[in-house]
Amino acid sequence: MRRLSTPDQPLSTAAPWLSIVGIGEDGLAGLGDEAKAAIGCAEIVFGGARHLELADAAIRGVRHGWLSPFERSVEAVLAARGRPVVVLASGDPFFYGVGVTLSRRIARAEMRVFTAPSAFSLAASRMGWALQDTVCVSLHGRPVDLVRPHLHPGCRILALTSDSDGPAALAALLAESGFGGSALTVLEALGGARERVSHHQAGRFALDGADMLNVCAVEVVAGDGARVLACTPGLDDGLFEHDGQITKREVRALTLSALAPRRGELLWDIGAGSGSIGIEWMLADPSLRAIAIEGHAERAARIRRNAGRCGVPGLAVVEGAAPEALAGLAAPDAIFIGGGGSEAGVMPAAIDGLKPGGRLVANAVTTEMEAVLLAQHARLGGSLIRIDIARASPVGQMTGWRPAMPVTQWTWAKPAQPIEDEE
């Protein structure tokens with residue numbers, strides 16, 4: 001039977017030539033006979049300096065340390081296709097590991113994989129934590145802000161850091177965000193002779209000379225005023241730095257519901273203001289991506305700060321005004337227009353740029369923008385809703401309802417077939 005291939009992984013019937021060997025701090029002693037034999041028979045062995053040192057006694061072929069940027073090493077591995085090659089990896093090569101990267105370019109039939117326990121598995125076993133109930137976050141070469149969405153009272157987190165400064169940086173973030181009472185355990189060089197485990201409180205953290213290889217285990221304790229990012233859309237407005245240009249909490253929740261994020265999708269947030277829509281879009285799932293388009297330099301800088309403090313530092317910010325700033329951007333699966341939608345050319349450019357089958361949501365608080373949405377609804381269909389919200393506020397010594405500006409929201413899905421222009 002003919003096997004189908006994927007776009008990232010060409011069809012191959014070749015025999016395995018690449019062995020990916022996960023190796024721990026215990027080195028060759030922790031490997032099985034097949035893994036050691038693969039290393040000994042390899043013409044070329046790729047790995048980091050530490051990996052090559054751990055496997056030193058078994059290596060007979062040419063050694064290649066990892067190059068920078070890493071893509072150069074991937075090309076070197078591909079250039080050796082057909083020869084016996086070993087790639088050494090840390091622990092489990094397919095859990096935040098090099099195996100994931102290589103499998104995008106090399107068919108599974110061409111490789112053998114020998115796994116070792118991941119740093120997360122080893123840390124969970126030392127802590128006595130159920131791994132399936134623990135949040136695992138890799139901060140290796142990534143911003144420490146990525147831990148922020150998981151800071152909920154009682155949550156258990158395992159965070160793999162980049163270097164000896166990682167534990168202190170994580171402790172500082174916890175303390176600054178109101179989680180200084182959290183228990184922070186630093187687990188260093190797990191599985192090897194240098195293994196060390198030490199226990200700390202985040203707000204009183206003091207550890208000198210942490211090993212470069214470490215995992216931090218956090219039991220989250222929230223203090224008064226801790227910055228907790230709720231799991232549902234519609235975060236408190238106070239969690240965002242803004243100058244008044246923000247989609248308010250209740251409207252934001254309805255807007256995110258209309259945008260209907262799905263795994264792996266890309267959002268354009270046009271006229272992003274504080275960036276709240278793009279940020280909450282990305283918080284819905286780690287696979288989601290967003291581009292915030294904002295013409296004011298001060299607001300663009302504010303969006304970047306908000307993204308970091310809300311745990312989505314990967315939010316892309318394009319500083320410029322639509323429609324010109326939309327040129328050359330990756331086609332989105334969804335678009336939100338919150339500001340500047342009544343400007344000439346913005347709505348046509350958004351509609352044109354949206355992928356077939358994608359969703360567009362636009363909010364209007366001005367009569368000019370509302371007129372644009374009414375016209376688009378008459379031409380293209382979709383749905384229109386009116387959002388009226390009133391908030392209780394003091395009226396003298398009593399309380400009354402103070403209405404917010406009403407919001408008109410247009411939601412539209414782009415047909416799979418091209419839109420016919422009107423005569």
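- W410 contributes no side-chain N or O that, together with a main-chain N or O of V372, makes up a donor-acceptor pair within less than 3.5 Å.
- Formation of a donor-acceptor pair under 3.5 Å by the D237 side chain with backbone atoms of K248 is not found in this model.
- Closest approach of F205 to P167, counting heavy atoms only: CZ-CB, 3.7 Å.
- Looking only at side-chain heavy atoms (C-beta outward), L31 and I39 come within less than 4.5 Å of each other.
- F46 is listed as a side-chain neighbour of V77, based on a closest heavy-atom distance under 4.5 Å.
- Salt-bridge check for E319 with R299: failed, with every basic side-chain N at 4.0 Å or more from each acidic carboxylate O.
- A donor atom on one side chain and an acceptor atom on the other are not found under 3.5 Å apart for N306 and S276.
- No donor-acceptor distance shorter than 3.5 angstrom exists from the side chain of D145 to the backbone of P313, with no hydrogens or angles considered.
- Looking only at distances, no side-chain donor or acceptor of R386 sits under 3.5 Å from a matching main-chain atom of P406.
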Task: Stepwise salt bridge (Lys or Arg N to Asp or Glu O under 4.0 Å) test for R304 and E241 - done: CA-CA 10 Å; R304 294 185 181 95; E241 181 187 347; over 6 Å; no
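- Residues L160 and V137 have side chains not in contact (no heavy-atom distance under 4.5 Å, counting atoms from C-beta outward).
- Taking the charged nitrogens against the carboxylate oxygens, R194 and E25 do have a contact shorter than 4.0 Å, which makes a salt bridge.
- Of the charged side-chain nitrogens involved, none lies within less than 4.0 Å of a carboxylate oxygen, so that D333 and R262 do not count as a salt-bridged pair.
- Between R105 and E71 there is a salt bridge, since a side-chain N of the basic residue sits under 4.0 Å from a carboxylate O of the acidic one.
- Checking each of M127, H200, E219 against T185 for a side chain to side chain contact (heavy atoms under 4.5 Å, CB included) leaves exactly one that passes, namely M127.
- Checked by atom type and distance alone, the side chain of Q409 never pairs as donor or acceptor with a backbone atom of A364 at under 3.5 Å.
- In this structure F94 satisfies the side chain to side chain contact (heavy atoms under 4.5 Å, CB included) test together with D92, V100, S103, M111, V113, sequence neighbours excluded.
- Contact check on R359 versus E265 returns a salt bridge, with a Lys/Arg side-chain nitrogen under 4.0 Å from an Asp/Glu carboxylate oxygen.
- Judged purely by atom type and a 3.5 angstrom limit, E294 uses its side chain to pair as donor or acceptor with the backbone of H296.
- Residue C155 is tested with D133, V228, V135, T134 for a side chain to side chain contact (heavy atoms under 4.5 Å, CB included); the sole match is V135.
- With hydrogens and angles disregarded, a donor-acceptor distance shorter than 3.5 Å links the side chain of N214 to the backbone of D163.
- Using a 4.0 Å cut-off between charged side-chain N and carboxylate O, R309 and E176 make a salt bridge.
- In terms of modelled atom types and a separation under 3.5 Å, the side chain of S73 and the main chain of L67 share a donor-acceptor contact.
- Under the 30°/60° scheme for interplanar angles, the aromatic rings of Y96 and F120 are found to be tilted.
- Under the 3.5 Å distance criterion, the side-chain polar atoms of H150 are left unmatched by any main-chain donor or acceptor of V147.
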Open item on the list: Show, in sequence, the C-alpha distance, side-chain angles and deciding distance for R302 and D243, and conclude whether the salt bridge (Lys or Arg N to Asp or Glu O under 4.0 Å) test is met.
Closed with: CA-CA 9 Å; R302 190 177 290 123; D243 60 359; 3.5 Å; yes
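- Within a 6.0 Å radius of CD in E34, no more than 12 heavy atoms belonging to other residues, nucleotides or ligands are found.
- No side-chain donor-acceptor contact under 3.5 Å links K414 to the backbone of G357.
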- [ ] Evaluate side-chain hydrogen bond (donor to acceptor under 3.5 Å, both in side chains) for R142 paired with S162, printing each intermediate quantity in order.
- [x] CA-CA 8 Å; R142 306 168 77 199; S162 289; over 6 Å; no
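- Expressed to the nearest 0.5 Å, how far CD1 of I335 lies from CD1 of I270 amounts to 5.0 Å.
- Atoms CZ and CZ, on R148 and F179 in that order, are 9.5 Å from each other to the nearest 0.5 Å.
- No side-chain heavy atom of T161 sits under 4.5 Å from any side-chain heavy atom of V144.
- Summarising the geometry of P332 relative to G353, their closest heavy-atom pair is CD-O, 3.2 Å, with the distance given to 0.1 Å.
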